[in-house]
Amino acid sequence: MSESSRSYRNKPDRRENSTIEVNDISIAYETKSGILKAVDKVSFKMNDTQGIGIIGESGSGKSSLGYGLLRSLAENGSVVSGSFIFEDQDILNISEKEFNENYRWKKISMVFQGSMNSLDPVFTVEDQMKEILTSHKKKISNKDCISIIRSALTDVGLNPDLVCKKYPHELSGGMKQRIVIANALLLGPRILIADEPTTALDVVIQAQVLQLLRKLIDEKNMKIIVITHDMSLIPNLVDRVIIMYAGQAVEISDIKTVFEKPLHPYTQALIQSIPHIRSSEKSIKFIRGDPPNLKEIGEGCRFMDRCPHAFGDCKNDPPDILVGNNLVKCWLYKNNN
Ligand SMILES: Nc1ncnc2c1ncn2[C@@H]1O[C@H](COP(=O)(O)OP(=O)(O)OP(=O)(O)O)[C@@H](O)[C@H]1O
């Protein structure tokens, strides 16, 4: 890659301030039948944390949180409160123009859920990648474009000579997902939000894509926020997890503790629902009942109706309680307060 083309991609610099602080983010959608509160006061920090997983069942608000952080919510959605501090700046509180010019794709990027199926069928891989580059870097030369594209494809384990001139339908699912990741990393972001990055891939390819993400995080010294409903995917990818339930972060834990000693009854149930091949247990464990309707949230613990440990206190909103280094939103730990 030429020196000039190198300068279009942010280079990893271990000295830069990579602290990320998400404070009390709430997200709501306006719908015909009322306001739906998808995310309720979620906070987390990533100082020494390189990767964080956002885990929860469908509808728990994971994607809304990711879209909210990238300022890409659907038109009827908005971040109603909270801040997202990155490089000492609340990037939810700057103009759209400044965010687009300095942050979107350049410092924060996203692999959207299902995006491998939205690659444009009438453009070659090279043309799609060129389009991204030229729309963000108006003055970039064709030579630099090609050089960056080839390097980005190599980074994700693809041979540029074989894939540059190919159309999406000529590629396997795994290759398409690698291209989607290469697209997201094209401008050298410091934070990558990956929403269900391995859904719709078979297990072997899933493992390869996860391994690729791990390699890219290390090589590029970037931070990753992985959104997934599948807890079993993340142990080698992230060091902390946020367990989301009905729009709230009910547990924030390091990855080891969450598997060895999950605190929240919902997290415990999630872990128990992961099938173990060597276990003598023949029946599949599942969580009975349904999550509450996010348009009709009342007082009290949102998991109460499904919780085997529910008791009187649960009728009141549970506080966030620190247990060791981990936070849990559950009255069972009130004596730790
Ligand atoms: N544009 C929208 N308008 C109205 N409601 C929405 C919109 N987008 C999401 N929701 C609702 O917000 C809640 C959270 O959805 P979200 O997609 O963030 O959850 P999720 O945990 O990512 O689920 P999934 O894994 O199925 O994507 C759900 O009740 C969903 O129906």
Side-chain angles (χ1 to χ4, degrees), residues 22 24-44 51-82 84 92 108-118 177 180 184 191-201 206 209-210 213 224-234 237-238 240-253 258 264 266-267 269-271 273-274 286-287 289-298 301-306 329:
V22 170
D24 280 335
I25 293 269
S26 294
I27 293 169
Y29 295 101
E30 269 183 50
T31 73
K32 281 187 183 142
S33 52
I35 302 286
L36 185 147
K37 294 180 180 168
V39 176
D40 181 48
K41 293 189 184 154
V42 170
S43 300
F44 63 91
I52 200 156
I54 301 178
I55 322 286
E57 65 196 294
S58 184
S60 56
K62 310 178 298 289
S63 297
S64 298
L65 181 56
Y67 282 103
L69 296 179
L70 193 72
R71 296 179 54 153
S72 297
L73 286 166
E75 256 180 34
N76 63 332
S78 60
V79 175
V80 288
S81 66
F84 176 14
L92 296 181
I108 304 169
S109 187
M110 187 158 175
V111 170
F112 293 98
Q113 195 175 144
S115 47
M116 74 176 189
N117 299 320
S118 55
Q177 191 62 356
V180 164
I191 307 170
L192 177 69
I193 302 173
D195 192 356
E196 304 282 4
T198 61
T199 300
L201 298 173
Q206 270 189 3
V209 169
L210 293 172
L213 286 171
I224 191 167
I225 298 173
V226 185
I227 295 170
T228 178
H229 65 279
D230 187 350
M231 245 180 128
S232 64
L233 294 180
I234 49 147
L237 198 54
V238 301
R240 274 183 92 66
V241 289
I242 300 175
I243 308 294
M244 298 268 302
Y245 184 77
Q248 294 182 321
V250 294
E251 182 162 353
I252 301 185
S253 169
V258 86
H264 197 282
Y266 175 64
T267 319
L270 264 187
I271 305 255
S273 66
I274 301 174
F286 61 93
I287 308 172
D290 295 305
N293 181 342
L294 293 176
K295 286 181 195 156
E296 293 166 8
I297 290 288
C301 170
R302 297 180 180 191
F303 190 58
M304 180 170 57
D305 293 344
R306 303 171 84 184
K329 196 185 267 304

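First listed ligand is number 1; within each ligand, the first listed atom is number 1. Hydrogens, waters and symmetry mates play no part in the numbers below; they use all other heavy atoms, side chains included.
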Q: Would a search of protein heavy atoms around atom 31 (O) of ligand 1 find one under 4.0 Å away?
A: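 Protein heavy atom within 4.0 Å of atom 31 (O) of ligand 1: absent.
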
Q: Do T267 and Y245 have side-chain atoms, one donor and one acceptor, less than 3.5 Å apart?
A: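 No, no side-chain donor-acceptor pair sits under 3.5 Å.
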
Q: Looking only at protein heavy atoms, identify the closest one to atom 17 (O) of ligand 1 and say how far it is in Å.
A: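 For atom 17 (O) of ligand 1, the nearest protein heavy atom comes out as S63 CB, 3.9 Å.
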
Q: Does the protein put any heavy atom within less than 4.0 Å of atom 4 (C) of ligand 1?
A: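 Looking at atom 4 (C) of ligand 1, one finds that a protein heavy atom does lie closer than 4.0 Å.
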
Q: Heavy-atom distances under 4.0 Å decide this one: backbone, side chain, both or neither, for N76 against ligand 1?
A: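 Side chain only; the backbone of N76 stays clear of ligand 1.
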
Q: Is a donor on one side and an acceptor on the other found under 3.5 Å between the side chain of S60 and the backbone of S58?
A: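 Between the backbone of S58 and the side chain of S60 there is no qualifying donor-acceptor contact (under 3.5 Å).
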
Q: Between G59 and ligand 1, does any nitrogen or oxygen pair lie at a separation below 3.5 Å?
A: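 Yes, since at least one N or O of G59 sits under 3.5 Å from an N or O of ligand 1.
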
Q: Which atoms of ligand 1 are found less than 4.0 Å from any heavy atom of Q113?
A: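 Numbered from 1, ligand 1 contributes 27 (O).
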
Q: I'd like to check L213 versus I224 (side-chain heavy atoms, cut-off strictly below 4.5 Å). Are they in contact?
A: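 Sidechains of I224 and L213: in contact.
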
Q: List every atom of ligand 1 that sits less than 4.0 Å from any heavy atom of L36, numbering the atoms from 1 in the order shown and giving each element.
A: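 Numbered from 1, ligand 1 contributes 11 (C), 12 (O), 13 (C), 29 (O).
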
Q: Starting from atom 2 (C) of ligand 1, find the nearest protein heavy-atom neighbour and note its residue, name and distance.
A: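 Ranking protein heavy atoms by distance from atom 2 (C) of ligand 1, first comes Y29 CD2, 3.4 Å.
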
Q: When you measure from the side chain of S109 to the backbone N and O of A184, does any donor-acceptor pair fall under 3.5 Å?
A: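 Present.
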
Q: Less than 4.0 Å is my threshold; does some heavy atom of E57 fall inside it relative to ligand 1?
A: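 Yes, E57 has heavy atoms under 4.0 Å from ligand 1.
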
Q: In the protein, what heavy atom is nearest to atom 18 (O) of ligand 1, and what distance, to one decimal place, separates them?
A: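 Looking at atom 18 (O) of ligand 1, the protein heavy atom closest to it is S64 OG, 2.5 Å.
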
Q: What residue and atom, counting heavy atoms only, is the protein's closest point to atom 19 (O) of ligand 1, and at what distance?
A: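 Atom 19 (O) of ligand 1 sits closest to the protein heavy atom G61 N, 3.2 Å.
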
Q: Any side-chain heavy-atom pair from V226 and P197 closer than 4.5 angstrom?
A: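 They are in side-chain contact.
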
Q: Do L270 and I55 have side chains that approach each other closer than 4.5 Å (heavy atoms only, starting at C-beta)?
A: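 Yes, at least one pair of side-chain atoms sits under 4.5 Å.
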
Q: Any side-chain heavy atom of F112 sitting closer than 4.5 Å to one from E196?
A: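 F112 vs E196: side chains apart.
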
Q: For the pair E57 and R306, find out whether any cationic side-chain nitrogen is under 4.0 Å from an anionic carboxylate oxygen.
A: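 Looking at E57 and R306, the cut-off is met.
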
Q: Which ligand 1 atoms does S60 reach within 4.0 Å, using its non-hydrogen atoms?
A: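 The atoms of ligand 1 under 4.0 Å from a heavy atom of S60 are 19 (O), 20 (P), 21 (O).
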
Q: Between K295 and S33, is there a side-chain heavy-atom distance shorter than 4.5 Å?
A: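 In short, these two side chains touch, coming nearer than 4.5 Å.
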
Q: Contact between I52 and V241 at the side-chain level, heavy atoms closer than 4.5 Å - yes or no?
A: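 I52 does not reach V241 side chain to side chain.
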
Q: Which protein non-hydrogen atom lies closest to atom 29 (O) of ligand 1, naming both residue and atom, and how far is it?
A: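 Looking only at protein heavy atoms, the one closest to atom 29 (O) of ligand 1 is L294 CD1, 3.7 Å.
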
Q: Would you mind running through ligand 1 and noting each atom that sits below 4.0 Å from a heavy atom of T31?
A: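 Near T31, meaning under 4.0 Å from one of its heavy atoms, ligand 1 has 4 (C).
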
Q: Which residue and non-hydrogen atom of the protein lie closest to atom 24 (P) of ligand 1, and at what distance in Å?
A: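 I find the closest protein heavy atom is S58 OG, 3.7 Å.
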
Q: Taking 4.0 angstrom as the limit and counting only heavy atoms of A74, give me the atoms of ligand 1 inside it, by number and element.
A: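 Going through ligand 1 atom by atom, the ones under 4.0 Å from A74 are 1 (N).
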
Q: Quick test of your reading of the structure: of K37, K32, K62, K295, whose heavy atom lies closest to atom 25 (O) of ligand 1?
A: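 Comparing heavy atoms across K37, K32, K62, K295, the nearest one to atom 25 (O) of ligand 1 lies in K62.
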
Q: Write down the atom of V80, the atom of I27, and the distance for their closest heavy-atom approach.
A: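 It is CG2-N, 4.2 Å.
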
